[in-house]
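Letters A, B, ... are given to chains in the order of the sequence lines, protein chains preceding strands, and every chain is numbered from 1. Heavy atoms only: backbone and side chains are in, while hydrogens, waters and symmetry mates are out.
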Amino acid sequence: MLDTLSPIPPLTHAAKLLSWYDRHHRELPWRVSPSAATAGKRADPYHIWLSEVMLQQTTVQAVKPYFAKFLDRWPSVRDLAAAPSDDVMAAWAGLGYYARARNLKKCAEAVAADHDGIFPDTEDGLRALPGIGDYTSAAVAAIAFNRPSAVMDGNVERVISRLYAIDAPLPGSKPVMKAKVRELTPTDRPGDFAQAMMDLGATICTPKRPACALCPFRDDCLALAEHHPERFPVKAAKKEKPVRVGAGFVAVTESGEIMLRRRAETGLLGGMTEVPTTAWTARTDGGTGIDHAPFAADWQACGTITHVFTHFELRLSVFRTRLPAGIKPSGWWVPVEKLDNEALPTVMKKVISQAIPTAFAKH
DNA sequence: AACTCGTGGTT
DNA sequence: TAACCAAGAGT
């Protein structure tokens, strides 16, 4: 005896998500679409790695022009390994989290020198390289090498926490969430699964007002079942941002050159270019004013700028002076019209723009 | 384990 | 507009 009508098995979460991804995936410069992958096109590990490092805590929109610029200047990981560090830092300027750029260079050098210019094709091998942590190693292994790694970023945390209505707060609940991701990840198309989870979090399962009616998990989601998807993920309370103050000094020669310095290699804005500043302290009377200028001159106040970093807010008073020809106190001098070649972080561009409104072209 | 580390867009 | 937060890593 045989049963002629075996029941149709329910679709797995992965199958639902991949079906959704095949219909709704986004075109991105570093991405191979599912249809192109079917035709045999493979993702370039260098492109995937470069994009994943740039995308750490950074939006797709911000990354796109930097990704194009880097690929144009350094088409292969060997090219990047051979590039001068100053060029890489200047090219990264404005993207933030500058330790990423320092580690990007170290990683390229390691791949070129220790791996014959070929990226390791396992999660563990990738994880051992500079700047590649839990997320990036799993993402590159899955997307570039089709490994069934459990890929979890902020988007995936949000999707998982809602799907299972996880009440435990982040970051403590990360291991529990990662175990869920590991359960869900298919051996077939793991890279597309990872990208689909992140796309879902970015476009449907958004932090506010998620579009649950369009979600492939709408029939499975416990947070939706209790009519409160926005309650997840639960996060530990964060502390307030302190304010630090200081002063920045813009010195210009009569021939239009501006005085610059190089910041310490480690720490905040490590290895980047700056104009001279005082220390940045919490106290307004802690040596943060004009009396701590880099050299004696006719410093003129020209307002203040504010810049918000991850863990503090900075308020800098800006001063400027014009030096007579032939007098150049110690420093390094660059014509104002060539500032675009320097590794100037955004806060320093704000200071210079405050003193010289025409210094940078407006977009 | 908690803290450091940028910037720009969205709400 | 103040808060939130984005394909996290290193220490």
Inset, instruction - Could you work out which one of B:dT7, B:dC3, B:dC5 sits closest to the side chain of A:Leu268? - result: B:dC5

Between the protein and nucleotides 8-11 of chain C, which nitrogen or oxygen pairs are less than 3.5 angstrom apart?
residue, atom, partner, partner atom, Å
C:dG8, OP1, A:Gly154, N, 3.2
C:dG8, OP2, A:Gln57, N, 3.0
C:dG8, OP2, A:Gln57, NE2, 3.3
C:dG8, O5', A:Gln57, N, 3.4
C:dA9, OP1, A:Gly133, N, 3.0
C:dA9, OP1, A:Thr136, N, 2.9
C:dA9, OP1, A:Thr136, OG1, 2.7
C:dA9, OP2, A:Asp134, N, 3.3
C:dA9, OP2, A:Tyr135, N, 3.2
C:dG10, OP1, A:Gly131, N, 2.4

Inset, instruction - Starting from C1' on B:dG6, measure out to CE on A:Met54 and report it in whole angstrom. - result: 15 Å

Legend entry - is_close_aromatic(A:Phe309, A:His311), centroid dist under 6.0 Å: no

Inset, instruction - Would you indicate what A:Gly267 reaches in the nucleic acid, counting non-hydrogen atoms under 4.0 angstrom: base, sugar-phosphate, or nothing? - result: sugar-phosphate

Inset, instruction - Select base, sugar-phosphate, or nothing to describe what A:Gly94 touches, counting heavy atoms under 4.0 Å on all strands. - result: sugar-phosphate

Inset, instruction - Using the ring of A:Phe312 (Phe, Tyr or Trp, six-membered ring only), decide whether A:Lys241 places NZ or CZ under 6.0 Å from its centre and within 45 degrees of its axis. - result: no

Legend entry - Distance between C1' atoms of B:dC3 and C:dA7 (Å, rounded): 22 Å

Inset, instruction - Tell me what A:Val347 touches on the nucleic acid: a base, only sugar-phosphate, or nothing, going by heavy atoms under 4.0 Å. - result: sugar-phosphate

Legend entry - A:Asp134 side chain near A:Arg127 side chain, heavy-atom distance below 4.5 Å: yes

Inset, instruction - Check the distance between B:dT7's C1' and A:Phe312's CZ and give it to me in whole angstrom. - result: 13 Å

Legend entry - Face-on cation placement of A:Lys180 at A:Tyr164 ring, 6.0 Å and 45° thresholds: yes

Inset, instruction - Would you mind checking if A:Asp79 and A:Arg73 are paired as a salt bridge, meaning a charged N to carboxylate O distance below 4.0 Å? - result: no

Legend entry - A:Phe217/A:Trp20 aromatic ring centres below 6.0 Å: no

Inset, instruction - Would you please indicate yes or no on a ring centroid separation below 6.0 angstrom for A:Trp92 and A:Tyr66? - result: no

Inset, instruction - Please report, rounded to the nearest Å, how far the P atom of C:dA7 is from the CD1 atom of A:Ile204. - result: 14 Å

Inset, instruction - Could you state the atom-to-atom distance from CZ of A:Arg158 to C1' of C:dA6 in whole Å? - result: 9 Å

Legend entry - C1'-based separation of C:dA9 from B:dA1 [nearest Å]: 15 Å

Inset, instruction - Write down the distance between CG (A:Leu95) and P (C:dA7), rounded to a whole number of angstrom. - result: 14 Å

Inset, instruction - Write down the distance between CE (A:Met272) and P (B:dC5), rounded to a whole number of angstrom. - result: 14 Å

Legend entry - Among C:dC5, B:dG9, C:dA7, the nucleotide that comes nearest once only the side chain of A:Lys238 is considered: C:dC5

Legend entry - Sugar-phosphate only, base, or nothing, as touched by A:Leu28 at under 4.0 Å among non-hydrogen atoms: base

Inset, instruction - Nearest whole angstrom, please: distance from the C1' of B:dC5 to the CD of A:Glu265. - result: 16 Å

Inset, instruction - Could you check which of B:dT7, B:dT11, C:dA6 has an atom nearest any side-chain atom of A:Tyr98? - result: B:dT7

Inset, instruction - For A:Trp30, report the nucleic acid contact type (base, sugar-phosphate, nothing); a contact means any heavy atom under 4.0 Å. - result: base

Legend entry - Salt-bridge contact A:Lys105-A:Asp86 (side-chain N to carboxylate O under 4.0 Å): no

Inset, instruction - Give the rounded distance in Å between these two atoms: NZ of A:Lys235 and C1' of C:dC5. - result: 7 Å

Legend entry - Short side-chain N/O contact to B:dT7 OP1/OP2 from A:His307, under 4.0 Å: yes

Legend entry - Residue whose nearest DNA chain B nucleotide is more 5′ - A:Lys208 or A:Arg100: A:Arg100

